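Note sheet for the following structure.
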Amino acid sequence: MILVTGSTGNIGTELVAELSESGQRVRALVRDPARAALPAGVEAVTGDLNKPESLVDALDGVDGIFLMPGYADMAETLALAKKAGVQRIALLSSGSAALEDLDNAVSRYMTLSERAVRESGMAWTFLRPRSFMSNALRWLPQLAAGDRVRVQFPGVAVAAIDPADIATVAAVALTEGGLDGRILDLTGPRALRPAEQVAVLAEVLGRPLVAEELTDAETRAELEATMPQPYVDAFVSFFIDGKLDESQVYPTVREVTGRDPHTFERWARTHAAAFAH
Ligand SMILES: NC(=O)c1ccc[n+]([C@@H]2O[C@H](COP(=O)([O-])OP(=O)(O)OC[C@H]3O[C@@H](n4cnc5c(N)ncnc54)[C@H](OP(=O)(O)O)[C@@H]3O)[C@@H](O)[C@H]2O)c1
């Protein structure tokens, strides 16, 4: 039995579907069963990653967990998992874990999550994806309003990855073994700047989209309107101060899955309906 946390999210939705279609027993951790649309036959169990004691039922009989990073009392959650007989953890992390920068809010929670899993005594695989292609969904309100898209960090090229590819790698790690103790840098097939992603979306959606490139000050102001200051500072440090380079392409998805990672165009075609309004 595999327990998928974040089962309603970008990766979790794909992972639950993939495991279920391959005949694997899969359980989905959800916070609100009424909001979770799961494939037939997938068992939903309610629990909150910030409340380890709420996870006891979800952990019963589980062999492997796809685990989201950064929640409270990770050590306690992992101790409960080990006690329940869990053998293996595939931890969602990110490239910023490699920085081990405990003064950076994002690098900090990734680093501390990896450390907690390392110390748990269970087998582990760390998934370090670069930015997700699904981050383009944050442009939805702008696309609903018109053809201009204000893009943050316009000069930063990122080898973004389809969450479905992260899910496929997680499924291999949790069901086939062979990836225990591995740290997997996961990217898409090429690095694109935000305006290049917008150009691909324009082509796929058949719309005359124009990327409006924000200055550093405008980017910072937009971030401050949407997230707490420590996270603003973290992303400014990564992408304006240049502490994190997500432009390098890695062969890992192909090595693990036997196929190339999805392009941004493919992601956009698969999710085109989400952009229709
Ligand atoms: N976006 C990126 O570029 C990127 C890159 C590297 C790593 N990451 C990491 O990936 C993770 C997911 O990011 P995302 O933006 O794609 O979000 P997402 O997975 O689409 O959504 C978050 C998921 O976590 C669940 N969740 C939230 N709080 C929870 C809690 N207290 N207990 C149990 N489940 C909870 C949500 O469930 P509900 O349905 O209940 O809300 C949802 O399924 C984040 O940890 C992020 O740091 C993201």
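Whatever order the structure lists them in is the order used to number ligands and atoms, beginning at 1. Since the model is a prediction, treat every value here as computed from it, not as a measurement.
Contact of the Leu209 side chain with the Leu143 side chain is registered, since non-hydrogen atoms from C-beta on lie closer than 4.5 Å.
With a 6.0 Å radius and a threshold of 12 heavy atoms from other residues, nucleotides or ligands, Arg269 has its CZ atom above the threshold.
Each of Gly6, Ser7, Thr8, Gly9, Asn10, Arg31, Arg35, Asp48, Leu49, Asn50, Met68, Pro69, Tyr71, Leu92, Ser93, Ser94, Tyr109, Met110, Pro129, Arg130, Ser131, Phe132, Asn135 has a non-hydrogen atom positioned under 4.0 Å from some atom of ligand 1.
Of all heavy-atom pairs spanning Ala159 and Ser247, the tightest one is CB-O, 4.0 Å.
In summary, of the residues considered (Asp245, Asp185, Thr187), a side-chain hydrogen bond (donor to acceptor under 3.5 Å, both in side chains) with Arg130 occurs for Asp185 alone.
In the hydrophobic cluster analysis, where Ile, Leu, Val, Met, Phe, Trp and Tyr join through side-chain heavy atoms closer than 4.5 angstrom, Phe66 is grouped together with Ile183.
Clustering of Ile, Leu, Val, Met, Phe, Trp and Tyr side chains at separations under 4.5 Å places Leu99 together with Val106, Tyr109, Met110, Phe153, Val156, Val158, Leu223, Met227, Tyr231, Val232, Phe235, Val236, Phe238, Phe239, Ile240, Leu244.
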